[in-house]
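To start, the structure itself, in structure tokens.
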Amino acid sequence: MMDYLPMKLRDSIVIKDIVTVHYFEFSKDYEFSGESHDFWELVYVDRGKIYAYYEKDRVLLKTGDIIFHKPGEWHNLKADGKNISNIAIVSFISNSRAMSFFEKKVMKVGSRQRELISGIIRESGALFKTSLGDPFTKFFERRENVPFGAEQIIRQYLGELLISIVRADVNNIATTMTQNTASNLVNDILDYMAEHVSEKITLSQLARHTNTGKAFIESSFKSTLGTGAIDWFIRIKTDYAKKYIRESNYNMSQIAEILGYDSVHYFSRQFKKVTGMSPTEYSKSIKAINKIGGMENVEFNSDAENGED
């Protein structure tokens, strides 16, 4: 009988430990004092714009941008005074030689890389009892009932993210969304949604606007953004609602009306479906983060009896 000879698999990038995983929603006035530490950190802009400072350099990060800070590098974040931002931050320990590729690296990520970052945040939320929104957390406590394999998945997602970035650069492959028929259709619909965010939109309406079938619209959105068109529209409405809540110019009933909801009750249910919290709970959480960050205590206007579930 022929003897089998196993091959020992080599790891190009080894993730030794995860230090922190954060997902922040910063106001337009946010500013961090800066820090340096002996581990790697990546900063990804999920929404909005924010300035990233490192050593003596500064760069304006926009939606879809990612930046890496090497161990020992001083860095901080500061809002531009105009835009609110959603930021994912992952810090980790890796002594792999290949990590030198990421020193002071700033780039735009692609759709698969966005999925990986989203997966890291999702699995971390299931793994850690500690809030991902606390900027001063230095120790993350595990939950008692952690989903099977959550820690391994985080390591694998992060490893795949780093490897895919290196491969894209080495092969000179654009990491932005592929400009094919499906993505062009999605971009057209996203523009349409932004223009009609205060209205109600149906799949049939989108099909008429693009002169395509509803099934193709759904498959295009799911392959490009990972969800259906109407679900994405609700997310856009929710992002606008978050913006209005942070700006503190309207109460909850007014925000519901601006965004085309029939009632504040329905607005609250849709908001909670997307974010996991009611609009008032979200307002309180942002207020708490602002206090922690040393910013002004912004008072959010909300109806005393807004009828939220």
Side-chain angles (χ1 to χ4, degrees), residues 25-28 44-50 60-65 79-87 108-111 114-115 118 174 176-275 279 282-283 286 300-301:
E25 297 178 331
F26 293 140
S27 75
K28 62 183 180 181
Y44 169 71
V45 181
D46 190 32
R47 289 276 191 263
K49 301 177 182 179
I50 195 166
L60 178 62
L61 301 178
K62 302 177 182 179
T63 301
D65 287 344
D80 65 356
K82 300 177 182 178
N83 296 277
I84 59 177
S85 56
N86 293 15
I87 309 294
K108 183 79 67 176
V109 303
S111 58
R114 289 196 299 272
E115 292 174 3
S118 176
T176 53
M177 192 181 303
T178 305
Q179 295 302 309
N180 53 23
T181 302
S183 64
N184 287 334
L185 172 69
V186 169
N187 289 335
D188 180 23
I189 292 176
L190 291 178
D191 290 339
Y192 183 83
M193 288 177 173
E195 294 172 0
H196 297 80
V197 71
S198 61
E199 304 173 14
K200 299 175 184 176
I201 290 180
T202 65
L203 200 56
S204 297
Q205 184 178 344
L206 294 177
R208 289 193 299 270
H209 168 69
T210 57
N211 195 29
T212 55
K214 293 188 288 186
F216 182 60
I217 291 175
E218 282 295 88
S219 64
S220 296
F221 263 80
K222 288 180 179 178
S223 64
T224 305
L225 298 175
T227 188
I230 300 305
D231 286 337
W232 192 266
F233 184 54
I234 294 173
R235 177 175 173 176
I236 291 175
K237 281 180 175 284
T238 303
D239 285 344
Y240 272 87
K242 289 180 177 181
K243 176 178 181 292
Y244 293 142
I245 291 173
R246 293 188 211 180
E247 291 175 347
S248 186
N249 294 324
Y250 307 104
N251 61 37
M252 297 305 178
S253 292
Q254 291 171 326
I255 293 174
E257 183 178 356
I258 291 171
L259 294 175
Y261 288 98
D262 292 332
S263 70
V264 70
H265 303 275
Y266 184 60
F267 162 61
S268 178
R269 287 196 294 271
Q270 291 292 309
F271 190 97
K272 190 170 185 178
K273 181 180 179 181
V274 174
T275 66
Y282 173 78
S283 173
I286 293 300
F300 295 91
N301 296 319

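Residues: numbered from 1 along the sequence shown.
Here the shortest heavy-atom pairing between N83 and A79 reads O-CB, 4.4 Å. V186 and L225 get closest at one heavy-atom pair: CG1-CD1, 3.9 Å. The minimum heavy-atom distance linking L203 with A229 is given by the pair CD1-CB, 4.1 Å. In this structure, I230 and T202 approach most closely via the heavy-atom pair CD1-C, 3.9 Å. In this structure, A256 and S263 approach most closely via the heavy-atom pair CB-O, 4.2 Å. Scanning all heavy atoms of the two residues, the minimum distance from L206 to M193 falls at CD1-CE, 4.0 Å.
For the pair R246 (side chain) and F26 (backbone), a donor-acceptor distance under 3.5 Å is present. Counting only distance, with no hydrogens or angles, the side chain of S220 and the backbone of F216 share a donor-acceptor pair below 3.5 Å. Counting only distance, with no hydrogens or angles, the side chain of T227 and the backbone of K222 share no donor-acceptor pair below 3.5 Å. Side-chain atoms of K237 come within 3.5 Å of backbone N or O of L259 as a donor-acceptor pair. Panel note: side chain K108, backbone T63; a donor-acceptor pair is recorded below 3.5 Å.
Among the candidates Y240, Y266, Y282, the single residue satisfying the ring pair (Phe, Tyr, Trp, His ring centres under 6.0 Å) test with F271 is Y282.
Using a 4.5 Å heavy-atom cutoff, the side chains of N249 and Q254 are not in contact. Within the 4.5 Å cutoff, side-chain heavy atoms of I201 are placed close to those of Y192. You'll find the side chain of I245 reaches within 4.5 Å of the side chain of M252, heavy atoms only. Residues R235 and D239 are in side-chain contact: their nearest non-hydrogen atoms beyond the backbone lie under 4.5 Å apart. No side-chain heavy atom of K28 sits under 4.5 Å from any side-chain heavy atom of K82.
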Residue pair I189, F221: steps toward the side-chain contact (heavy atoms from CB on, under 4.5 Å) verdict:
CA-CA 10 Å; I189 292 176; F221 263 80; 3.6 Å; yes

For K273 and T238, run side-chain contact (heavy atoms from CB on, under 4.5 Å): C-alpha distance rounded to whole Å, both residues' side-chain angles, the deciding distance at 0.1 Å, then the answer.
CA-CA 10 Å; K273 181 180 179 181; T238 303; over 6 Å; no

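Here the CG atom belonging to D188 is positioned 7.0 Å from the OG1 atom belonging to T210, to the nearest 0.5 angstrom. The line from CG of L190 to CG of L185 is 9.5 Å long, rounded to the nearest 0.5 Å. Note: H265 NE2 to S253 OG = 8.0 Å, rounded to the nearest 0.5 Å. Atom CD of residue E25 and atom CZ of residue R47 lie 11.0 Å apart, to the nearest 0.5 angstrom. To the nearest 0.5 angstrom, D80 atom CG is 8.0 Å from S85 atom OG.
Within a 6.0 Å sphere centred on CD of E257, other residues, nucleotides and ligands contribute 12 heavy atoms or fewer.
Aromatic ring orientation, F267 versus Y261: tilted (interplanar angle from 30° to 60°).
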